[in-house]
Amino acid sequence: MAFLIDGKKISSEIKEELREKVARMKAEGIEITLAVIQVGQDPASSVYVGNKKKACEYVGIRSLSYGLEENVTQEELLSLIDELNGREDVNGILVQLPLPAHISEESVLERISPLKDVDAFHPVNVGALCIGKPGFVSCTPAGVIELLKRSGIEIEGKECVVVGRSNIVGKPMALLLLRENGTVTIAHSRTRNLQEVTKRADILVVAVGKPKMITREYVKEGAVVIDVGIHRTPGSKKLYGDVDFEDVEPVCSAITPVPGGVGPMTIAMLMHNCVESVELQKRQVV
Ligand code: NDP
């Protein structure tokens with residue numbers, strides 16, 4: 001039976017460590033503030049925003065909420081970001097995605113000061129990761145690295161295959177595995193003989209956005225399998241990943257479940273970035 005990598009437990013440990021650190025910072029007179037902007041009232045976004053606010057409360061981070069109407073103009077949203085960029089009492093700015101079609105996500109994300117970009121989507125932070133400079137690291141891939149490290153899984157020297165090359169997950173994931181001295185391959189929709197590529201992996205990270213696509217035919221015996229995917233069946237509360245868990249679990253050495261694997265790590269790493277922001281802002285390094 002494969003070792004179950006417990007994202008719920010590890011994310012709780014991280015939040016607990018952060019809570020203690022934030023309490024120590026408060027005692028020194030340092031308060032951390034995250035500004036969360038939501039445009040419209042998409043139910044899924046409201047759940048994500050609610051969970052982020054709850055996590056802030058638990059860790060001891062002050063959160064400011066900005067709920068904007070669905071028909072807000074891009075200029076209005078950008079001027080709110082400018083205002084928050086200029087406020088000394090705001091450490092992190094987060095704009096919940098997706099945005100309505102009339103607003104350019106790229107323009108909005110690039111307007112956030114790289115020093116307050118706790119989601120790490122700004123090109124300056126992506127570039128910093130690429131060349132090994134200090135900066136914010138995208139939360140979900142950073143969470144995967146924490147899962148591996150805290151489960152005692154060594155990355156150095158391992159064959160790592162990332163399936164998916166999105167800017168939010170796949171690419172930063174590959175860069176982080178490289179930073180940890182893994183030998184990294186990125187696979188995507190144009191990869192030929194995908195099974196041959198994924199079967200080379202000692203560590204296989206799957207972020208394809210296709211429910212249960214990865215079956216045991218894609219997995220080397222004894223590999224570690226990390227499933228980033230999240231899919232909800234319409235009309236049901238059940239969640240699925242990109243990996244067919246029941247099929248793959250018997251052949252791998254360790255695996256993340258869905259739910260309870262990578263999912264809870266994203267918010268824990270967002271909290272980590274909020275705490276980190278104080279140091280980055282002090283040193284003005286991004
Ligand atoms: P995207 O749709 O942006 O990217 C999917 C990637 O998978 C693309 O690079 C695409 O290739 C590749 N791909 C698609 N089909 C295939 C295929 N048949 N074979 C090989 N590669 C394929 O998704 P995201 O990266 O945003 O998200 C991936 C998954 O992770 C989703 O299920 C999402 O819900 C989940 N997610 C979970 C998070 C969490 O907190 N746990 C956070 C963010 C995402 P190409 O580039 O060629 O099109």
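One-based numbering, in listed order, for ligands and for the atoms of each. For reference, positions follow the sequence shown, starting with 1.
One hydrophobic cluster, built from ILVMFWY side chains closer than 4.5 Å, cannot hold both L177 and V206; they sit in different ones.
Nearest protein neighbour of atom 7 (O) of ligand 1, counting heavy atoms only, is V208 CA, 3.4 Å. For atom 33 (C) of ligand 1, the closest non-hydrogen atom on the protein side is I230 N, 4.2 Å. The nearest protein atom to atom 36 (N) of ligand 1, hydrogens excluded, is given as V228 O, 3.7 Å; this is a heavy-atom distance. Among all non-hydrogen protein atoms, the one lying nearest atom 8 (C) of ligand 1 is R165 N, 3.9 Å. Nearest protein heavy-atom neighbour of atom 42 (C) of ligand 1: T140 OG1, 3.3 Å. Closest to atom 20 (C) of ligand 1 among all protein heavy atoms lies H188 O, 3.1 Å.
Within the cation-pi definition used here (under 6.0 Å to the ring centroid, within 45° of the axis), R232 does not qualify as a partner of Y240.
Closest heavy-atom approach to atom 4 (O) of ligand 1 within the set P264, S166, A187: this belongs to S166. Atom 44 (C) of ligand 1 has its nearest heavy-atom neighbour, among T191, D242, V169, in V169. Nearest residue to atom 31 (C) of ligand 1 from S189, C139, G209 is G209 (criterion: closest heavy atom). In this structure, of M173, M269, R232, M213, the residue bringing a heavy atom nearest to atom 18 (N) of ligand 1 is M213.
If you number the atoms of ligand 1 from 1 as listed, the ones under 4.0 Å from a heavy atom of G229 come out as 29 (C), 30 (O), 32 (O), 35 (C). Shown in contact with L194 at under 4.0 Å from a heavy atom are these atoms of ligand 1, numbered in order with element: 19 (N), 20 (C). Listed by number with element, the atoms of ligand 1 under 4.0 Å from a non-hydrogen atom of H231 are 32 (O). Atoms of ligand 1 found under 4.0 Å from any heavy atom of G263, numbered from 1 in the order shown, are 41 (N). The contact set between ligand 1 and K210, taken as ligand atoms under 4.0 Å from a residue heavy atom, comprises 14 (C), 15 (N).
For the residue pair K53 / S65, a side-chain donor-acceptor distance below 3.5 Å is found, with atom types taken as modelled. For S63 and E57, the side-chain atoms include no donor-acceptor pair closer than 3.5 Å. If you check the side chains of Y58 and E16, you find a donor sitting under 3.5 Å from an acceptor.
Residue contacts with ligand 1 for T266 involve side-chain atoms from C-beta outward but no N, CA, C or O (heavy atoms, distance under 4.0 Å).
Counting only distance, with no hydrogens or angles, the side chain of K116 and the backbone of L84 share a donor-acceptor pair below 3.5 Å.
Tested against T266 for a side chain to side chain donor-acceptor pair (under 3.5 Å), the candidates T140, N51, D119 yield a single pass: T140. Here the rule is side chain to side chain contact (heavy atoms under 4.5 Å, CB included) with I203, and of L148, V162, V184 only L148 fits it.
In this structure, K212 does not pair ionically with D242, as no charged nitrogen and carboxylate oxygen lie closer than 4.0 Å. A salt bridge is defined here as a Lys NZ or Arg NE, NH1 or NH2 lying under 4.0 Å from an Asp or Glu carboxylate O, and E13 with K9 meets this definition. Here K8 does not pair with D6 in a salt bridge; the nearest charged N to carboxylate O distance is not below 4.0 Å.
Inside a 4.0 Å radius of atom 40 (O) of ligand 1 there is at least one protein heavy atom.
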